[in-house]
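Counting begins at 1 with the first residue of the sequence.
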Amino acid sequence: MKRTLAFGGLVATAGLLAAGLAAPAQATNTVSSDNLANTNMAAKQVAAFWFGEAKANLLNATPYGVETKIVAKHVSKGGPSADSKPGIVPAIGDEKKAAAKSKNVNLPKTSGKVFFIGADHKPHWCSATSVQSSYKNLVATAGHCVYDTGANAATMDKWVFIPGYYQGKMPWGIYVGKQAFTHYDYDVYEDGDRDYAFVTVYDGVLPESATANKEYKSDVFATKAEAEAAKAKLQADKSTVWSRLDIVEIKGDDQAKPATVAEFQALNEGKDLTGDGPFADGTIAGKPQEIDAREYRSDKDSYVSRDGKTLYFRTKVDGKGGHGHGRHHDQKPEFKYFKRTFSTKAATGYQVVGKTFQIGLKSVGRLGDNVGGQGLAYNQKLGKPVFVFGYPSGTHPDGNNAFTGKTLKWSYGKTFAVQAPAIKGEELQGIKSPFTGEGAIGSSWLLNYNNGRRVGYLNGVTIGVSDTTGNNRYDTSFSPYFDGETYGVYKAAAAVWSGKIA
């Protein structure tokens, strides 16, 4: 996949930064971006995919469990340090207000789930949050909830964000991902210290008309492997929505049916059709029928009838036309003339079948206008308390299923320095949290969360969990440390417009 690299010299967006904000020292960091659904039509088809079939793909999605569990022996002290002065970007609606500490917890409207199709071709989800940006169209989550590190860092397919999602309900609509931004070191080296992503999304949409289905059948393939390859190619096509693609076996037919010479030759590539074969299974060459010279209407050794169904050919009579037997060398050769027809029996094969569908969509406006957007904090001193908001799911190592993933949960604690070399994490931050890894990946870490306005400053995203005490219960969550380079990636994404799809 072609990558687009945007190098430093990024310009701060007017009106975003709090007064006195210092520019990070790493303003020249390298940013990598990838298209998710870069055309209006592709985005419509992605939205329709999740709405279609009574939202079956949403309801059947499972929490994403790749790279979530960090073994305790791979966790150590040490960790990040600021690369410049601390900085913040205020939340949407909070630009002129000072965030304050909160005793009670009202859950933020900005949190939700991102849905996508994984490398296993099945629907999955992670946690995510809306964040401040010029066009109120930005989502933050873990990098490996956007980039499939198990498949050479390809982007996830059919990526969408649904704030406030609950069992098929989407109170503020569905927002299709347009462009993903991450740090170059994560894109290329899968560096755990840079396992975060900022994704621009189109304006939200909701369905307004019924689904229209169209039946699809592929050509018949000789092997199941060929059919599987054709199915994978269809699923990778983001410009079309395919519903429930299946591979079916086509049984053969013992009844022979006439075949043209060209059809027979294609099934017997390189074979001499005037000979005795052997020919491919399921193909039948009729016995050559001798004809007289008057019926043979050519001076060539073989030709095909105008309707393509009969092969005419001739053979020299043995001992005729040569120099021996007292004949003169200029005597014309003698021939025998034949015609031959062919037939085939339908062989067992495999076919891809399914449906394409479209659905009417109506716009519900920009993400930030509907749910707001968290601010951003970077180069913050460790030891500060943060709230973590996400949708944990899955079980603890002891089998306890503490979370269902259906509702938004929170945990609270102070950040501390952590290293986890197993995921190339030398500059991570941790927090004591009971969240299980599945589903919680991408959870937002909010500094100075204000209970009344339900906004704060995004200061991390969950990328993994660990049982550090050995009691078979996850007790610690991890995030990259947000520094000046994180701000550089954010700033590149925050200035990009996405637009409408309906």
Do [X] and [Y] come within less than 4.5 Å of each other through their side chains, counting heavy atoms only?
{"X": "F181", "Y": "T200", "answer": "yes"}
{"X": "V188", "Y": "S32", "answer": "no"}
{"X": "L107", "Y": "T407", "answer": "no"}
{"X": "E426", "Y": "D193", "answer": "yes"}
{"X": "Y457", "Y": "Q380", "answer": "no"}
{"X": "Y135", "Y": "S498", "answer": "no"}
{"X": "D191", "Y": "H183", "answer": "no"}
{"X": "D483", "Y": "N379", "answer": "yes"}

Can you tell me if [X] uses its side chain to pair, donor with acceptor, with the backbone of [Y] under 3.5 Å?
{"X": "D246", "Y": "V353", "answer": "no"}
{"X": "N472", "Y": "N400", "answer": "no"}
{"X": "W159", "Y": "C145", "answer": "yes"}
{"X": "Q419", "Y": "L428", "answer": "no"}
{"X": "S433", "Y": "T476", "answer": "no"}
{"X": "K109", "Y": "R454", "answer": "no"}

Establish, yes or no, whether a centroid distance under 6.0 Å links the rings of [X] and [Y].
{"X": "F389", "Y": "Y449", "value": "yes"}
{"X": "Y165", "Y": "Y391", "value": "no"}
{"X": "Y490", "Y": "F482", "value": "no"}

- Task: Before giving the answer on side chain to side chain donor-acceptor pair (under 3.5 Å), spell out for D34 and T155 the whole-Å C-alpha distance, their side-chain angles and the decisive distance to 0.1 Å.
- Result: CA-CA 8 Å; D34 289 278; T155 54; 6.0 Å; no

- Message: Go through it in stages, so that I can follow the logic: the residues are H144 and D195, the test is side chain to side chain donor-acceptor pair (under 3.5 Å), and I'd like the CA-CA distance, side-chain angles, deciding distance and then a yes or no.
- Response: CA-CA 7 Å; H144 66 271; D195 189 356; 2.7 Å; yes

Nearest-0.5 Å distance, [atom1] of residue [X] to [atom2] of residue [Y]:
{"X": "L458", "Y": "Y378", "atom1": "CG", "atom2": "OH", "answer": "13.5 Å"}
{"X": "S363", "Y": "E208", "atom1": "OG", "atom2": "CD", "answer": "10.5 Å"}
{"X": "D148", "Y": "M156", "atom1": "CG", "atom2": "CE", "answer": "4.0 Å"}
{"X": "L36", "Y": "S33", "atom1": "CG", "atom2": "OG", "answer": "10.0 Å"}
{"X": "M170", "Y": "K55", "atom1": "CE", "atom2": "NZ", "answer": "4.5 Å"}
{"X": "W410", "Y": "S111", "atom1": "CH2", "atom2": "OG", "answer": "13.5 Å"}

Restricting to non-hydrogen atoms, name the atom on [X] and the atom on [Y] that form the minimum distance, rounded to 0.1 Å.
{"X": "A440", "Y": "S127", "answer": "CA-OG, 4.0 Å"}
{"X": "V418", "Y": "G430", "answer": "CG2-N, 3.6 Å"}
{"X": "F221", "Y": "A230", "answer": "CZ-CB, 3.6 Å"}
{"X": "V352", "Y": "A227", "answer": "CG2-O, 3.5 Å"}
{"X": "F403", "Y": "P392", "answer": "CB-O, 3.1 Å"}
{"X": "A494", "Y": "S133", "answer": "O-CB, 3.6 Å"}

- Worked verdict on Y175 versus N370 for side chain to side chain contact (heavy atoms under 4.5 Å, CB included): CA-CA 11 Å; Y175 300 79; N370 291 326; 2.7 Å; yes

- Message: With side chain to side chain contact (heavy atoms under 4.5 Å, CB included) as the criterion, how do L138 and Q132 come out once you've worked through the C-alpha distance, each side chain's angles and the decisive distance to 0.1 Å?
- Response: CA-CA 7 Å; L138 197 61; Q132 169 74 282; over 6 Å; no

- Criterion side chain to side chain contact (heavy atoms under 4.5 Å, CB included) on V46 and V160, from CA distance to verdict: CA-CA 8 Å; V46 170; V160 297; 3.7 Å; yes

- Item | Residues, nucleotides or ligands: over 12 heavy atoms within 6.0 Å of D398 CG | yes

- Message: If you count every heavy atom of other residues, nucleotides or ligands that lies below 6.0 Å from K500 atom NZ, does the total exceed 12?
- Response: no

- Message: Under a 4.0 Å threshold between the charged nitrogen and the carboxylate oxygen, would D203 count as salt-bridged to K178?
- Response: no

- Message: Under 4.0 Å between a side-chain nitrogen and a carboxylate oxygen: does that hold for D467 and R473?
- Response: no

- Query: Considering the options F161, F51, F115, which one meets the side chain to side chain contact (heavy atoms under 4.5 Å, CB included) requirement together with I174?
  - Reply: F51

- Task: Test L382 against Y481 for side chain to side chain contact (heavy atoms under 4.5 Å, CB included), laying out the working first.
- Result: CA-CA 9 Å; L382 294 174; Y481 177 74; 4.1 Å; yes

- Is there a donor-acceptor contact under 3.5 Å linking the side chains of T182 and Y147? no

- Item | Verdict with supporting geometry, T110 and Q374, side chain to side chain donor-acceptor pair (under 3.5 Å) | CA-CA 7 Å; T110 57; Q374 300 298 335; 2.9 Å; yes

- Among W50, W125, Y64, which residue meets the ring pair (Phe, Tyr, Trp, His ring centres under 6.0 Å) test with F116? Y64

- Could you give me the CA-CA distance, side-chain angles and deciding distance for T468 and D475, then say whether side chain to side chain donor-acceptor pair (under 3.5 Å) is met? CA-CA 7 Å; T468 61; D475 54 65; 2.5 Å; yes

- Item | Parallel, tilted or perpendicular: rings of F387 and Y412 (30°, 60°) | tilted

- Message: W445 and side-chain hydrogen bond (donor to acceptor under 3.5 Å, both in side chains): which single residue from T129, N459, T462 fits?
- Response: T462

